[in-house]
Amino acid sequence: MAARKRASAADTKPSPPPQTQETTTLIDPPIAPPKKALIFKFCLFFSIPYFYLLYQYYTIEQELRRSILINASLCVTGFFLTQRMIPVASRYVLKRGLFGFDINKKGTPQGTVKVPESLGIVVGIVFLVLAILFQYFNFTADSNWLVEYNAALASICFMILLGFVDDVLDVPWRVKLLLPSIAALPLLMAYAGHTTIIIPKPLISYVGQEVLDLGWVYKLYMGLLAVFCTNSINIHAGLNGLEVGQTVVIASAILIHNLMQIGASSDPEYKQAHAFSIYLVQPLLATSLALLSYNCETLLIFFLPQVLNFLLSLPQLSGYVKCPRHRLPRFNPETGLLTGTRDGTLINFYLRMVGPKSEKTLCIHLLLVQALGCCFCFLLRYLLAGWYK
């Protein structure tokens, strides 16, 4: 995502005489082609350890493996469908005046290019279609997981709607703070799984038990975590490809974690809980990769429904909260570099530490930091609770 300045009346008035479709096409340049080579390299890099764990390292039941592969096959279709629909949708939103300008390129020719907004609705719709179609192949009418699965889809659909409303009506940020907790209600009310947590090894002697049942506090924690994760992700924003890039990095780590948990466990219900997460994370990863193929480097697409924040093994969609303009790094149109300000965001802190960077380089560095953070979480999991046996 790139920080943007919403088009105002000054940007659109006085308006010239009515333009024909041909004139509009000339003024509004098409979006850049997708970076297919970049996405192919990532898929190759990620699929090797993923399928190694799925087929070779762990002994996973054939039926469970089959469901994961069916879901992955649907995701491949969803990737190409999303990639095909984004340019089509961009033309429609530009015609309806849903566009902004990249303020990180203010003072340059790129800063005057109209950037289509609300294209995240395409990603959200394809995600929902994939998740709904998967029910036909995996769940039966009497499945215990079907209620929670549909509740998760209801939460996601609710947040996509609220995100689109926000892009059109520009909802105040104070209201947006509460939207994730409201959207999470269908999932929280339908949740009938465990409410226990595993006590870290260093604290077992103090607590007196390895597993602690939190009861209703667990659901309260899930609701609060939805608000925290949503806004923490969206505060760490303002660069092209940063937010959707975080989605790809975190979703990849969650998929690896879920496979490890499935392979290491002998409890069928526990395995199904992590498979439940995989069924929702794989479509998220596929549609996000399609968006990233357009959103990386110089392309600008304002992604409306942002990252799926996963609460243990039950994911739900978070909303879109715009990064305040005064928190963004300062852009120098002469050098084309971003410099950090004194605001306390991670982007500004990183720029103050390493010096001015181009937007592309800075985004890559921050995504590497995100990947290192995921690796640190795996290490922390090993130190506090034991490795995946």
What is the minimum heavy-atom distance between [X] and [Y], and which atoms define it?
X	Y	answer
Gly245	Leu367	C-CD2, 3.5 Å
Phe80	Val76	CD1-O, 3.1 Å
Ser288	Thr247	OG-CG2, 3.3 Å
Gly340	Leu351	N-CB, 3.5 Å
Ala152	Phe276	CB-CZ, 4.4 Å
Thr339	Asn348	O-OD1, 4.5 Å

Using a distance-only test with no angle check, is there a side-chain donor-acceptor pair under 3.5 angstrom linking [X] and [Y]?
X	Y	value
Asn138	Ser67	yes
Tyr270	Gln261	yes
Gln282	Tyr50	yes

Kindly indicate whether the side chain of [X], heavy atoms from C-beta on, has any atom under 4.5 Å from the side chain of [Y].
X	Y	answer
Ile347	Leu366	yes
Phe51	Leu69	yes
Phe127	Leu284	yes
Leu38	Ser293	no
Ile39	Phe79	yes
Ile121	Ile160	yes
Leu291	Gln83	no
Thr287	Pro283	no

Do [X] and [Y] sit in the same hydrophobic cluster, where Ile, Leu, Val, Met, Phe, Trp and Tyr count as joined when their side-chain heavy atoms come under 4.5 Å apart?
X	Y	result
Val147	Met222	no
Phe42	Ile48	no
Val354	Leu372	no
Leu368	Leu292	no
Leu214	Leu220	yes

[X] [atom1] to [Y] [atom2] distance, which is reported to the nearest 0.5 Å:
X	Y	atom1	atom2	answer
His365	Ser358	NE2	OG	8.5 Å
His274	Ser277	NE2	OG	8.0 Å
Ile68	Leu259	CD1	CG	5.5 Å
Arg381	Met260	CZ	CE	9.5 Å
Ser73	Phe134	OG	CZ	10.5 Å
Lys219	Thr195	NZ	OG1	8.5 Å

Donor-acceptor contact present, side-chain [X] to main-chain [Y], <3.5 Å:
X	Y	value
Thr361	Lys357	no
Arg330	Thr341	no
Asn332	Leu337	no

**Q.** Residues that Phe158 engages under ring-ring contact (aromatic ring centres under 6.0 Å, His included), provided they are two or more places apart
**A.** none
Q) Are Arg66 and Glu61 within salt-bridge range, i.e. N to O under 4.0 Å? A) no
Q: Go through the steps to decide whether Ile262 and Ile278 satisfy the test side-chain contact (heavy atoms from CB on, under 4.5 Å), and finish with yes or no.
A: CA-CA 10 Å; Ile262 291 174; Ile278 290 177; 3.8 Å; yes
Q) Should Leu280 and Leu153 be marked as a side-chain contact (heavy atoms from CB on, under 4.5 Å) after you check the CA-CA gap, both sets of side-chain angles, and the distance that decides it? A) CA-CA 9 Å; Leu280 291 177; Leu153 295 185; 4.1 Å; yes
**Q.** CD (Gln209) with more than 12 external heavy atoms under 6.0 Å
**A.** yes
Q. Are there more than 12 heavy atoms of other residues, nucleotides or ligands under 6.0 Å from atom CZ of Arg96?
A. no
Q) Checking side-chain contact (heavy atoms from CB on, under 4.5 Å) for the pair Phe46/Ile256: CA distance, chi angles, key distance, verdict? A) CA-CA 9 Å; Phe46 173 73; Ile256 297 294; 3.9 Å; yes
Q. Going through the checks in order, is the side-chain contact (heavy atoms from CB on, under 4.5 Å) test met by Cys75 and Leu285?
A. CA-CA 8 Å; Cys75 292; Leu285 180 59; over 6 Å; no
